[in-house]
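Hydrogens, waters and symmetry mates play no part in the numbers below; they use all other heavy atoms, side chains included. FYI, the numbering just counts along the sequence from 1.
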Amino acid sequence: MSDIDDVKHYLVGLQNRICASLEQLDGEAQFARDAWQRPGGGGGESRVLADGGVFEQAGVGFSHVFGDQMPPSATKTRPELAGKRFQAVGVSLVLHPHNPYVPTTHANLRFFTAGERKPVWWFGGGFDLTPYYPFHEDVRHWHETARAACDPFGTDLYPRYKEWCDKYFYLKHRDETRGIGGLFFDDVNELGFEKSFAFLQSVGESFLRGYRPIVDKRVAHPYGQRQRDFQLYRRGRYVEFNLLYDRGTLFGLQSGGRTESILMSLPPQVRWCYNWHPEPGSAEEKLYRDYLRPRDWLGEVDD
C-alpha cells in the first residue's frame, strides 16, 4: 500500500473503534451511518449519534477527498502549493453531552499530500476540551494524557503543541480561549514519514484515554435549569469559533465537501443572550476568571 493508503487504513479503524467505545459509553443510542461522495473527487462516511443517554449529539466523520488544486484555506500560508493536485484523508469528531458538567470535546487527525512529481506531505490534528463547569483534576488529567502521547517523540512537542492549541482555539472577538486546550499541530513531517505517522497514531489512541475517565466521573453529576442554560449559552462560543476561524470547516467548504457533514460539529441546541455577564463569585464566573485563558495546567496546583 502507498503511504496514504496506510494512513487511510488506520483512520478508518480508528473511527470504528471510537464509535464502538462511544456507543458503549452512551448505553442507549447508536451511530447512524451516512456515506457521501464529493463531486470533485472522493467522499467519506459521517456517523452521528443523537439523543442518547450521555450524548445529545456525537459526530465522528471520516473523509478522503482529492482534487486538481488545493483550496485557498490550505494555500494561504503555503502559496507554493497553489494549483497542485492534492489528497486529504482525515477523521474529525465533536461530542456534545447532555450534562453540563461533562465537557464538550473535539479531535481531528489528518494527512495531506500535494503535488505529483515531488509530493509534499504533512500530518496535522490534535484534540481540545471545552468544559462548562470545569474541575481542575479533570483538566490536569487531560493534559497529562496529551503530554504522554507526545513525550516518546520528543519532550519539546507537548509544550509546543499545547501553546499552539491555546493560540489556535482562541476567539479574538471575545478575548477568550474556547476551552482549556490540549494539542494542536500542523505541517508535521520533520520526523520522517514513519515516525510522524506513529506520532499521529499516538495522539489518536490517547483521545479516549483522556476523555472517557472524565465522562465516567461527571455524567451523573446533578444539574438544573441554570446549568443547562449556561451550557447552551457557552455552546454559542463553539458555533462562533467553528464558523469564523476553524480551518477544517473552511477547508471542507472551500474544497466542495459535503456541507451537512462539515457542519455536524455544531451543537443541536444553543442560545445567545445580549450583554450577559456571570454573577460575581458564581461558578460561571470561575470559568471565565480561571479557565478561559492559557495556563500551565501541569505546573500549577489545584485552585
Practice task
Please examine the side chains of F55 and V102, heavy atoms only from C-beta on, and report whether any two atoms are closer than 4.5 Å.
Solution key: no
Handout entry: Sub-4.5 Å side-chain heavy-atom contact between L25 and L208
Key = no
Exercise for the section: Verify whether one side chain among D175 and Y170 offers a donor that lies under 3.5 Å from an acceptor in the other. Expected result: yes
Practice task
Compute whether any side-chain donor of one residue and acceptor of the other, for S261 and S46, lie under 3.5 angstrom apart.
Solution key: yes
Exercise for the section: Go through the structure and list residues passing salt bridge (Lys or Arg N to Asp or Glu O under 4.0 Å) with D187, not counting sequence neighbours. Expected result: R78
Problem - Salt-bridge criterion met for E279 and K286 (N-O under 4.0 Å) - result: no
Problem - Verdict with supporting geometry, I214 and L129, side-chain contact (heavy atoms from CB on, under 4.5 Å) - result: CA-CA 11 Å; I214 298 174; L129 195 71; 4.0 Å; yes
Problem - No-hydrogen, no-angle side-chain donor-acceptor test under 3.5 Å, T145 and Y211 - result: no
Handout entry: Aromatic contact, F62 with W36 (centres under 6.0 Å)
Key = no
Exercise for the section: Using only heavy-atom distances, determine whether the side chains of Q30 and R47 contain a donor-acceptor pair under 3.5 Å. Expected result: no
Practice task
Taking the side chain as every heavy atom from C-beta outward, state whether C19 and R17 have any atom pair closer than 4.5 Å.
Solution key: no
Handout entry: Step-by-step side-chain hydrogen bond (donor to acceptor under 3.5 Å, both in side chains) determination, Y133 to N99
Key = CA-CA 10 Å; Y133 292 93; N99 192 317; over 6 Å; no
Problem - Ring centroid separation W142 to F127 under 6.0 Å - result: yes
Exercise for the section: Please check if atom CD in E285 has more than 12 non-hydrogen atoms from other residues, nucleotides or ligands closer than 6.0 Å. Expected result: yes
Practice task
In sequence, state the C-alpha distance, the side-chain angles, and the governing distance for R226 and Q231, and then conclude on side-chain hydrogen bond (donor to acceptor under 3.5 Å, both in side chains).
Solution key: CA-CA 9 Å; R226 172 180 176 141; Q231 177 197 47; over 6 Å; no
Donor-acceptor list for residues 148-158 side chains, cut-off 3.5 Å, not counting sequence neighbours:
from: D156; atom 1: OD2; to: R160; atom 2: NH2; distance (Å): 2.9
from: Y158; atom 1: OH; to: H143; atom 2: ND1; distance (Å): 2.9

Exercise for the section: Give the intermediate values and the outcome of side-chain contact (heavy atoms from CB on, under 4.5 Å) for residues Y233 and V270. Expected result: CA-CA 6 Å; Y233 174 73; V270 65; over 6 Å; no
Exercise for the section: State, yes or no, whether a side-chain contact exists between R234 and L287 at a heavy-atom distance under 4.5 Å. Expected result: yes
Problem - Pair F123 and F112, ring centroids less than 6.0 Å apart - result: no
Exercise for the section: Return yes if a side-chain donor-acceptor contact under 3.5 Å exists between S265 and N242, otherwise no. Expected result: yes
Handout entry: Whether F193 and F197 hold their rings parallel, tilted or perpendicular, with breakpoints at 30° and 60°
Key = tilted
Problem - Any side-chain heavy-atom pair of R147 and K162 under 4.5 Å - result: no
Practice task
Check step by step if side-chain contact (heavy atoms from CB on, under 4.5 Å) holds for V91 and N108.
Solution key: CA-CA 6 Å; V91 163; N108 175 268; over 6 Å; no
Problem - R295 and D290 ion-paired at < 4.0 Å - result: no
Problem - Check: F184 ring centre within less than 6.0 Å of Y161 ring centre - result: no
Exercise for the section: Give a yes or no answer on whether the side chain of S21 reaches the backbone of I18 with a donor-acceptor pair at less than 3.5 Å. Expected result: no
Practice task
Assess the pair H96 and Y238: is the distance between their ring centroids shorter than 6.0 Å?
Solution key: yes
Problem - By salt bridge (Lys or Arg N to Asp or Glu O under 4.0 Å) - contacts of R174 (at least two apart) - result: E240
Practice task
Would you please indicate yes or no on a ring centroid separation below 6.0 angstrom for F185 and F199?
Solution key: yes
Handout entry: Side-chain ion pair, D186 and R247, N-O less than 4.0 Å
Key = yes
Practice task
Kindly confirm or rule out a cation-pi arrangement of R228 over Y223, judged by NZ or CZ under 6.0 Å from the six-membered ring centre and within 45° of its axis?
Solution key: no
Problem - Pair F66 and H64, ring centroids less than 6.0 Å apart - result: yes
Practice task
For the residue pair E144 and L298, establish whether any side-chain heavy-atom pair is separated by less than 4.5 Å.
Solution key: yes
Problem - Ion pair R209/E205, N-O distance below 4.0 Å - result: no
Exercise for the section: Would you indicate whether the side-chain heavy atoms of Y101 and D138 approach each other to under 4.5 Å? Expected result: no
Handout entry: pair P294-T177: side-chain heavy atoms closer than 4.5 Å
Key = yes
Handout entry: Ring-face cation contact, Y245 with K172, 6.0 Å cut, 45° max
Key = yes
Exercise for the section: Answer yes if the ring centres of F241 and F169 are under 6.0 angstrom apart, and no otherwise. Expected result: yes
